[in-house]
Amino acid sequence: QVQLVETGGGLVQDGGSLRLSCAASGRTFSSYCMGWFRQAPGKEREFVAAMYWSGNPMGYADSVKGRFTISRDNARNTVYLQMNSLKPEDTAIYYCAAEETYSGFSYALRNRVYDDLGYWGQGTQVTVSS
């Protein structure tokens, strides 16, 4: 049974920082692509950031470039999302997702069929107050 568990969400003021964690269990994710997505009330789920499990970041959404950083700790089977200079428009539920292959992950991103990704966490709420 594969599980992804996000933690680290909370309430922060405009300009503040948070670090989200996504702990993976059930198998070794050494070859998986990992990503962060978010969904604000009344809006569709959107891509935030992604990375190869054993390599460099794959990319960031334009809205978070320069403010968010995705990273991983292989020993802990954990992916992080460091969020700095947070804005009220960053308020959303943040989800972690994993996919076994780069082709599958990139297809989902290109076509915005995020539900095709293999594994999802339950989400963690991030609220940025103005």
Side-chain angles (χ1 to χ4, degrees):
Q1 186 77 15
V2 174
Q3 282 191 323
L4 300 176
V5 179
E6 303 99 332
T7 56
L11 174 64
V12 64
Q13 290 188 335
D14 190 354
S17 297
L18 282 175
R19 188 177 80 157
L20 305 183
S21 300
C22 173
S25 62
R27 63 177 61 187
T28 301
F29 283 75
S30 59
S31 61
Y32 280 54
C33 295
M34 305 290 293
W36 288 96
F37 298 78
R38 67 186 182 186
Q39 188 165 17
K43 295 188 177 180
E44 293 185 350
R45 188 172 298 187
E46 65 175 0
F47 166 74
V48 175
M51 73 180 305
Y52 302 100
W53 185 258
S54 58
N56 296 324
M58 292 171 62
Y60 296 89
D62 288 342
S63 58
V64 306
K65 280 181 182 176
R67 300 188 298 122
F68 290 12
T69 302
I70 188 171
S71 63
R72 85 284 186 265
D73 183 337
N74 286 345
R76 297 178 183 270
N77 245 16
T78 300
V79 175
Y80 303 99
L81 185 68
Q82 178 66 44
M83 306 185 295
N84 298 327
S85 302
L86 282 162
K87 306 174 182 180
E89 51 264 42
D90 294 318
T91 295
I93 299 175
Y94 284 71
Y95 298 90
C96 174
E99 177 58 42
E100 293 183 62
T101 67
Y102 168 75
S103 59
F105 200 99
S106 62
Y107 175 87
L109 291 188
R110 286 198 311 272
N111 295 281
R112 298 188 181 184
V113 286
Y114 305 137
D115 287 346
D116 285 0
L117 296 175
Y119 306 102
W120 286 89
Q122 82 290 348
T124 185
Q125 176 71 48
V126 171
T127 303
V128 185
S129 63
S130 58

W120 and ring-ring contact (aromatic ring centres under 6.0 Å, His included): which partner among F37, Y114, Y94, W36?
F37
When you measure from the side chain of E99 to the backbone of G118, do you find a donor-acceptor pair of N or O atoms at a distance under 3.5 Å?
yes
What do you reckon, is OH of Y119 surrounded by more than 12 foreign heavy atoms closer than 6.0 Å?
yes
Quick check: is Y60 connected to Y80 through a chain of hydrophobic side chains (ILVMFWY, heavy atoms under 4.5 Å apart)?
no
Give a yes or no on whether a salt bridge exists between D62 and K65, defined as a side-chain N under 4.0 angstrom from a carboxylate O.
yes
Separation of M34 CE from M51 CE (nearest 0.5 Å)
9.5 Å
So, using disulfide (SG to SG under 2.5 Å) as the criterion, who are the partners of C96 when residues are at least two apart?
C22
Flag the pair R67 / D90 as yes when at least one side-chain heavy-atom distance between them is below 4.5 Å, and no otherwise.
yes
Counting only heavy atoms not in E89, do more than 12 fall under 6.0 Å of its CD?
yes
Side-chain cluster (under 4.5 Å, hydrophobic types only) that V113 belongs to, other residues
Y107
Within a strict 4.5 Å, meaning less than it, do heavy atoms of the M83 and L20 side chains meet?
yes
Check: E6 main-chain N/O paired with Q122 side-chain donor or acceptor under 3.5 Å:
yes
Shared ILVMFWY cluster between F68 and V12, side chains joined below 4.5 angstrom?
yes
